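The next block holds one structure in the form of structure tokens; read it before the comments.
Numbering of ligands and ligand atoms starts at 1, following listing order. These numbers were taken from a predicted model, which means no experiment stands behind them.
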Amino acid sequence: MSDTTSIKHPSGLTSGDFTAAEEPFALFAEWFAEASGSEPNDPNAMALATVDADGLPDVRMVLMKGYDSHGFVFYSHKASQKGREIAGNPKAALLFHWKSLRRQVRVRGSVTPVSDAEADAYFATRSKQSQIGAWASKQSQPLESRFAFEQAIAGVAAKHLIGEVPRPPGWSGWRITPIRFEFWHDRPFRLHDRIEFRRDTPAHPWTKTRLYP
Ligand SMILES: Cc1cc2nc3c(=O)[nH]c(=O)nc-3n(C[C@H](O)[C@H](O)[C@H](O)COP(=O)(O)O)c2cc1C
């Protein structure tokens with residue numbers, strides 16, 4: 001792609017103008033809305049990085065299931081590798097990469113569990129098959145065979161032929177509350193635009209800095 005500065009934002013700004021933003025959540029909302037219209041699938045897919053007990057980083061994709069000024073929410077199994085890493089060190093980094101827009105957003109912050117009520121409300125919106133799968137999966141544990149998993153799924157499904165499937169106690173959500181954001185947009189000849197928002201704690205105001213590419 002050549003000069004990406006001609007891409008229009010919903011606000012009418014051109015993409016080059018995003019560096020004028022004064023607040024990261026509104027800018028994220030604008031970019032996410034655009035990505036939702038241009039990505040072939042899963043504009044809410046984000047890489048989630050955590051560290052293990054040895055400080056060794058780990059990263060995997062998850063789906064962002066909500067965001068507001070308090071942070072970004074995803075759901076998973078508490079006993080999974082990521083769940084254990086977060087329990088040991090409740091800090092994380094996120095990365096959104098929207099190839100269709102040639103943009104990335106980086107986020108760093110602390111992680112807190114969502115409330116049971118919030119997790120219940122989201123779990124209730126999932127398809128029954130996904131709800132059953134959440135019960136049947138021992139996420140990140142060794143699995144002897146696909147057949148063993150299918151048997152576990154059939155067992156859970158048989159228990160819930162009628163009625164609602166409750167949320168498994170070991171399945172819930174987490175919220176990453178940012179203290180750092182970075183917005184990056186491709187520009188010709190690798191002369192990309194980057195702006196960073198930092199704050200010492202979520203109670204502090206944001207400081208914005210433009211960065212060299
Ligand atoms: C696009 C995409 C979205 C995913 N979304 C989730 C998710 O929301 N929650 C989840 O537990 N795993 C999700 N996964 C699977 C994870 O990447 C990962 O394989 C799994 O959570 C186990 O990770 P862990 O062993 O580090 O805990 C997703 C994978 C992809 C490729």
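- Considering backbone and side-chain N/O atoms, Arg60 comes within less than 3.5 Å of an N/O atom of ligand 1.
- For Met61, a nitrogen or oxygen atom sits less than 3.5 Å from a nitrogen or oxygen atom of ligand 1, counting backbone and side chain alike.
- Annotation: Ile162, atom CD1; neighbour count of heavy atoms from other residues, nucleotides and ligands within 6.0 Å does not exceed 12.
- Protein heavy atom closest to atom 25 (O) of ligand 1, with residue, atom name and distance, is Ser140 OG, 2.6 Å.
- Contacts between Gln139 and ligand 1 below 4.0 angstrom, taking non-hydrogen atoms only, involve the side chain exclusively.
- Among all protein heavy atoms, the one lying closest to atom 8 (O) of ligand 1 is Leu63 N, 3.0 Å.
- Here Glu23 does not pair with Lys208 in a salt bridge; the nearest charged N to carboxylate O distance is not below 4.0 Å.
- Among protein heavy atoms, atom 23 (O) of ligand 1 sits closest to Lys82 NZ, 3.3 Å.
- Which parts of ligand 1 touch Ser76 is read off a 4.0 Å heavy-atom cut-off, strictly below it: atoms 10 (C), 11 (O).
- Residue contacts with ligand 1 for Tyr75 involve N, CA, C or O but no side-chain atom from C-beta outward (heavy atoms, distance under 4.0 Å).
- By the 6.0 Å contact criterion, CD on Glu144 is open, its count of non-hydrogen atoms from other residues, nucleotides or ligands being 12 or less.
- Around the NZ atom of Lys128, the shell of radius 6.0 Å holds more than 12 heavy atoms that belong to other residues, nucleotides or ligands.
- Applying the 4.0 Å criterion to heavy atoms of Ser80 picks out, from ligand 1, the atoms 27 (O).
- Per-atom contact check: atom 19 (O) of ligand 1 does not touch the protein, criterion being a heavy-atom distance below 4.0 Å.
- Taking the charged nitrogens against the carboxylate oxygens, Asp52 and Arg84 have no contact shorter than 4.0 Å, which rules out a salt bridge.
- Side-chain contact annotation: Thr50 with Glu85, donor-acceptor N/O pair under 3.5 Å present.
- Atom CG in Leu63 sits 11.0 Å away from atom CZ in Phe74 (nearest 0.5 Å).
- Closest to atom 6 (C) of ligand 1 among all protein heavy atoms lies Val62 CA, 3.5 Å.
- Here the two rings, on Phe32 and Tyr67, have centers that are under 6.0 Å apart.
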